[in-house]
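Step one of this worksheet: look at the structure below.
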Amino acid sequence: RIAAEFLNELETKHVLQTPIHLGLDELCFGSKGAQRQQGFLHKALATHSRRTRPPRAILSDLKRRTIFALLPNNKAATLRQFFQRLRDCDRIVVVCIDFCHAYRRVIREALPHADVVIDKFHILQRANEALDEVRQDVKSRLFLSGRKRLKYDSRLLRKRRACLSSEQQDVLDEWTTRFPELQKAYEAKETFHEIWGAKDAEEGRTRYRAWCDNLPASLHRQFRFVIT
């Protein structure tokens, strides 16, 4: 009770300033570590609860690296209501989201003046998925033993070249030499990651345009989500 009263008093006195750079993502609650310590029935019930429990929208101040708000769910109606009640919405200059179209629509409606940016993690994830799509196509043409081996070695394809040991590089070279399309896809993934090594935004745009120009036409379908 004492703690609750203190938190209520603190909430009334402390007013969070609307961030300039706003992050929007979703969060699902559930402790995997706690499940590992429990029996099979507890795990099953916890898994069911986590699946039926809706994800919650989490909004953060990207500049201060702090949580700004945690909403009961991530539905469009809940987000619209939040932004309608939010003070100083005009302070928000940039909103960083994932590829969720619903988030983008809400931001365009509620904050038409703000720029919408897709976060780095999800963009790089799409490039990795494009490479994996090529790998799956190669795997489908192999015999069972080869499919199993390529599935195991897929972890090497996801790694950056600088993070590979000499032995791992040899294994990767074996696959990319045998299948040129895998080589092209891996190089495309690597050079795409290198865009984020640019010293500023202008150089980043130049690197991205060059990457798009140099991407083989045979890979446009797999990398379609990062060239549109």
Side-chain angles (χ1 to χ4, degrees), residues 21-28 55 62 74 76 94-108 114-143 146-228:
H21 303 107
L22 181 71
L24 171 58
D25 205 346
E26 62 275 349
L27 180 67
C28 293
L62 298 178
N74 67 337
V94 175
V95 182
C96 186
I97 61 174
D98 56 22
F99 282 94
C100 179
H101 293 295
Y103 289 168
R104 185 176 299 193
R105 284 195 298 269
V106 170
I107 298 302
R108 290 302 187 200
D115 291 328
V116 178
V117 177
I118 306 298
D119 69 82
K120 174 184 174 181
F121 171 81
H122 287 94
I123 294 178
L124 295 180
Q125 186 181 59
R126 289 297 176 92
N128 290 337
E129 289 171 354
L131 171 59
D132 198 60
E133 193 174 330
V134 176
R135 179 190 66 83
Q136 292 285 3
D137 180 65
V138 169
K139 191 181 78 169
S140 68
R141 307 198 301 269
L142 299 174
F143 291 110
R147 291 199 298 268
K148 288 183 177 179
R149 187 184 166 203
L150 184 54
K151 181 180 180 180
Y152 177 78
D153 290 337
S154 63
R155 60 197 173 89
L156 304 182
L157 292 168
R158 289 190 292 270
K159 275 190 172 185
R160 297 298 310 278
R161 182 181 285 108
C163 298
L164 295 171
S165 65
S166 57
E167 293 82 3
Q168 290 174 333
Q169 184 65 62
D170 290 341
V171 174
L172 180 63
D173 289 344
E174 181 183 345
W175 283 114
T176 54
T177 301
R178 185 178 173 188
F179 298 99
E181 64 269 42
L182 206 56
Q183 168 72 22
K184 292 178 182 178
Y186 183 78
E187 291 301 326
K189 183 267 291 185
E190 283 293 286
T191 52
F192 188 79
H193 277 250
E194 290 169 3
I195 293 173
W196 275 263
K199 64 179 183 293
D200 53 41
E202 186 56 39
E203 182 183 333
R205 294 188 189 97
T206 301
R207 289 190 183 191
Y208 175 69
R209 287 191 290 266
W211 180 86
C212 290
D213 292 340
N214 294 323
L215 182 69
S218 59
L219 294 175
H220 282 193
R221 179 179 61 83
Q222 291 87 349
F223 284 87
R224 60 194 178 278
F225 293 112
V226 293
I227 59 175
T228 56

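Position 1 is the first residue of the sequence, and the numbers go up from there.
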Quick one: closest heavy-atom pair of [X] and [Y], and the distance?
| X | Y | result |
| --- | --- | --- |
| Ile195 | Gly204 | CG2-O, 3.7 Å |
| Trp211 | Val226 | CH2-CG2, 3.7 Å |
| Leu156 | Leu164 | O-CD2, 4.0 Å |
| Cys163 | Gln168 | O-OE1, 4.0 Å |
| Ala188 | Leu219 | CB-CD1, 4.3 Å |
| Phe179 | Leu142 | CZ-CD2, 3.5 Å |

Spacing of [atom1] belonging to [X] relative to [atom2] belonging to [Y], to within rounding of 0.5 Å:
| X | Y | atom1 | atom2 | answer |
| --- | --- | --- | --- | --- |
| Ile107 | Cys96 | CD1 | SG | 11.0 Å |
| Arg155 | Leu172 | CZ | CG | 11.0 Å |
| Ile97 | Asp119 | CD1 | CG | 9.0 Å |
| Ser154 | Trp175 | OG | CH2 | 10.5 Å |
| Lys159 | Asn128 | NZ | CG | 13.5 Å |

*Which residue pairs satisfy the side chain to side chain donor-acceptor pair (under 3.5 Å) criterion with at least one member in residues 214-225, sequence neighbours excluded?*
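As it turns out, the side chain to side chain donor-acceptor pair (under 3.5 Å) pairs with a partner in residues 214-225, which skip direct neighbours, are Glu133-Arg221.
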Would you say that [X] contacts [Y] through its side chain, given a criterion of any heavy-atom pair below 4.5 Å between the two side chains?
| X | Y | answer |
| --- | --- | --- |
| His21 | Val117 | no |
| Val95 | Arg108 | no |
| Arg104 | Ile118 | yes |
| Leu131 | Phe192 | no |
| Leu182 | Arg135 | yes |
| Glu129 | Gln125 | yes |
| Phe99 | Ile123 | yes |

*Under 4.0 Å between a Lys/Arg side-chain N and an Asp/Glu carboxylate O for Lys184 and Glu187?*
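Salt bridge flag = no for Glu187 with Lys184.
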*Look at Asp213 together with Arg209 and state whether they make a salt bridge at an N to O cut-off of under 4.0 Å.*
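Not counted as a salt bridge, because no side-chain N and carboxylate O are separated by less than 4.0 Å.
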*Donor-acceptor under 3.5 Å (Arg207 side chain, Glu194 main chain)*: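 Looks like yes, one N/O pair under 3.5 Å.
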*asked:* Has Lys189 got a side-chain atom pairing as donor or acceptor with Leu157's backbone, closer than 3.5 angstrom?
replied: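 Confirmed, Lys189 side chain pairs with Leu157 backbone.
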*asked:* Taking side-chain hydrogen bond (donor to acceptor under 3.5 Å, both in side chains) as the definition, give me every residue that meets it alongside Arg149, ordered by chain and number, with sequence neighbours left out.
replied: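 Counting only residues at least two positions away or on another chain, Arg149 forms a side-chain hydrogen bond (donor to acceptor under 3.5 Å, both in side chains) with Glu174.
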*Contacts of Glu190 that satisfy side-chain contact (heavy atoms from CB on, under 4.5 Å) - sequence neighbours left out*: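 Counting only residues at least two positions away or on another chain, Glu190 forms a side-chain contact (heavy atoms from CB on, under 4.5 Å) with Arg160, Arg161, Tyr186.
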*Verify side-chain contact (heavy atoms from CB on, under 4.5 Å) between Glu26 and Tyr103, making sure each step is shown before the conclusion.*
CA-CA 10 Å; Glu26 62 275 349; Tyr103 289 168; 2.7 Å; yes
